[in-house]
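Just so you know, these numbers come straight off a predicted model, no measurement behind them.
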Amino acid sequence: MRVFDSFPPGTRSSFLLVSFFFFPPPAQCGKVERALRELESILTTLVEGLGDGHGRVASALHNLGVVHVRAGNLDDAADALEEAVRIRRDMLREDHPRIANSLTELGIVLLRQGQHEDSLNALNEALVLRERDLKEGAERGGRPGGDMDACLLQVASVLNNIGCVYFEFGAMLDARQTFADSLEMQREVMLPTTEEDGNHDQAMLSVADTLSNLGLVHMENLEWEEALGYLSEAYRIQNSNLDVLTEVALNTHDNLAYSNYMHGRHEAALGMYQEILLAWHDLFGENAIECAVTRTNIACVLIKQGDYKAALGQMRHAEKIERGKLGKRSRRLQATQDMIDCIQ
């Protein structure tokens with residue numbers, strides 16, 4: 001989610017990469033904490049019964065690392081996944097797909113920690129293993145569909161994550177090419193002939209993730225028309241393949257609204273931000289900080305349209321939410337109050 005930095009906004013706002021993980025809303029945080037306790041108990045039992053180098057211990061560590069990510073405990077996640085990789089390298093053949101599983105998750109965590117070179121190393125190693133698995137499947141006579149499609153999606157997934165690392169490095173050409181390579185593989189799996197296969201729905205959402213990332217690259221390059229094309233398709237897929245709107249889909253919609261604004265399509269941007277506000281309201285309640293951010297964006301569009309009274313009303317709402325959620329010394333609240341002063 002982005003907030004316009006200037007008043008009125010004259011340049012794009014600070015750029016945020018969409019999270020790779022679905023973080024649970026407050027109502028589900030208790031479930032994540034219970035899962036952590038259960039997994040830690042299972043891990044302790046396995047280590048006591050089998051020793052700390054057993055394959056089942058590695059699986060427990062991998063699962064524990066994934067749940068730590070969902071809880072936002074990135075350091076604990078990295079420790080668990082690094083240990084899972086170490087054990088699996090000792091226990092399994094060097095190209096076993098479970099090693100690639102843990103390397104991929106580790107690479108994602110390292111990226112979220114800002115350790116870009118280490119992330120790229122882990123993901124490139126995972127990519128080699130995934131591509132080897134795909135090649136061996138083809139040599140065994142595998143055909144499109146089923147396991148071969150699953151292998152192709154795994155390669156595409158790693159490529160998508162590598163593209164995100166390139167993006168963080170600022171290597172936009174490499175990011176765009178890597179995302180494009182990932183998208184080509186994903187589209188191959190979602191061909192009409194595979195729609196009844198179990199991989200099709202997964203492929204559709206993977207396509208949406210990659211389309212969204214390609215849109216982000218074009219946003220970074222201020223290529224608004226191209227960004228709108230990719231983001232529109234991504235949001236259409238997310239909106240039609242998810243039972244409920246998720247934070248990922250809402251962030252795509254938010255990027256789409258922002259791109260419309262920057263491309264001069266203010267009425268379209270306003271309509272989208274109003275839809276986003278209603279969705280955040282339904283998801284987290286009217287006093288969620290996401291609602292305050294969206295109200296600020298609505299106000300910026302209204303200012304561009306010359307409707308200062310309506311903009312002031314939106315900013316008053318945002319100020320009330322931020323005062324309650326962030327406290328009166330919050331920098332965000334101070335920026336909101338400065339914007340209110342400018343409008344007045």
Side-chain angles (χ1 to χ4, degrees), residues 16-22 100-101 104-105 107-108 111 123 126-127 130-131 133-134 137-138 142-168 172-221 223-260 272 279:
L16 296 177
L17 191 63
V18 174
S19 172
F20 298 110
F21 295 96
F22 293 96
N101 292 346
T104 300
E105 298 294 342
I108 292 170
L111 175 57
L123 290 170
L127 180 63
R130 294 297 194 204
E131 289 178 333
D133 194 34
L134 181 64
R143 296 182 179 182
D147 291 343
M148 287 298 292
D149 278 358
C151 289
L152 199 61
L153 285 177
Q154 288 170 340
V155 173
S157 175
V158 178
L159 283 170
N160 185 65
N161 292 328
I162 289 173
C164 293
V165 181
Y166 283 139
F167 179 90
E168 291 297 327
M172 293 302 145
L173 289 177
D174 289 332
R176 182 165 58 184
Q177 184 59 57
T178 307
F179 288 140
D181 291 343
S182 175
L183 183 61
E184 182 179 357
M185 292 183 180
Q186 291 162 344
R187 288 195 188 280
E188 183 175 336
V189 175
M190 62 176 280
L191 289 172
T193 54
T194 66
E195 284 186 2
E196 295 182 0
D197 187 86
N199 291 312
H200 182 74
D201 289 344
Q202 179 188 350
M204 290 289 288
L205 293 175
S206 297
V207 166
D209 290 342
T210 307
L211 285 166
S212 183
N213 283 336
L214 278 164
L216 294 173
V217 171
H218 286 291
M219 290 175 70
E220 182 71 0
N221 292 333
E223 298 164 348
W224 305 113
E225 190 69 37
E226 292 84 354
L228 285 168
Y230 285 115
L231 292 169
S232 295
E233 187 177 358
Y235 184 66
R236 179 185 59 77
I237 293 171
Q238 291 166 340
N239 204 27
S240 61
N241 284 270
L242 295 171
D243 293 333
V244 295
L245 281 178
T246 65
E247 292 180 62
V248 171
L250 286 172
N251 278 317
T252 301
H253 203 186
D254 189 83
N255 288 330
L256 189 56
Y258 180 81
S259 296
N260 270 293
M272 289 180 183

What's the verdict on side chain to side chain contact (heavy atoms under 4.5 Å, CB included) for T210 and L159, showing C-alpha distance, side-chain angles and the deciding distance?
CA-CA 10 Å; T210 307; L159 283 170; over 6 Å; no
In sequence, state the C-alpha distance, the side-chain angles, and the governing distance for Q238 and D209, and then conclude on side chain to side chain contact (heavy atoms under 4.5 Å, CB included).
CA-CA 9 Å; Q238 291 166 340; D209 290 342; 4.2 Å; yes
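- A227 approaches G215 most closely through the heavy-atom pair CB-O, 3.6 Å.
- Remark: E223 engages R176, H218, N221, E226 in a side-chain contact (heavy atoms from CB on, under 4.5 Å) (not counting sequence neighbours).
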Take L123 and V165 through the side chain to side chain contact (heavy atoms under 4.5 Å, CB included) test and state the conclusion after the steps.
CA-CA 9 Å; L123 290 170; V165 181; 3.7 Å; yes
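- Contact detail for A156 and S182: the closest heavy-atom pair is O-OG, 2.8 Å.
- Formation of a donor-acceptor pair under 3.5 Å by the S259 side chain with backbone atoms of N255 is found in this model.
- Interatomic distance, CD of E233 versus OG of S212, reported as 11.5 Å (0.5 Å rounding).
- For A175, the side-chain contact (heavy atoms from CB on, under 4.5 Å) test picks out Y166, F167, F179, V217, with sequence neighbours left out.
- In this structure, CD on E105 lies 8.5 Å from CG on N161, to the nearest 0.5 angstrom.
- N101 meets the side-chain hydrogen bond (donor to acceptor under 3.5 Å, both in side chains) test with R130; sequence neighbours excluded.
- Under the rule for a side-chain hydrogen bond (donor to acceptor under 3.5 Å, both in side chains), the partners of Q177 that lie at least two apart in sequence or sit in another chain are D181.
- Annotation: side chain of V158 is in contact with side chain of I162 (closest heavy-atom distance under 4.5 Å).
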Test log, rule side chain to side chain donor-acceptor pair (under 3.5 Å), inputs N160 and N213
CA-CA 8 Å; N160 185 65; N213 283 336; 3.2 Å; yes
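- In terms of heavy atoms, A208 sits closest to I237 at CB-CG2, 3.8 Å.
- Note that CG of N251 is 11.0 Å distant from CG of L231, once rounded to the nearest 0.5 Å.
- The distance from the CG atom of L153 to the CD atom of E188 is 10.0 Å, given to the nearest 0.5 Å.
- Listed by chain and number, the residues in a side-chain contact (heavy atoms from CB on, under 4.5 Å) with N260 are L228, L256, R265, A268, A269, M272 (sequence neighbours excluded).
- Atom CD of Q186 is separated from atom CE of M204 by 11.0 Å, given to the nearest 0.5 angstrom.
- In this structure, N239 CG and H253 NE2 are separated by 8.0 Å, a value rounded to the nearest 0.5 Å.
- With sequence neighbours excluded, no residue forms a side-chain hydrogen bond (donor to acceptor under 3.5 Å, both in side chains) with S157.
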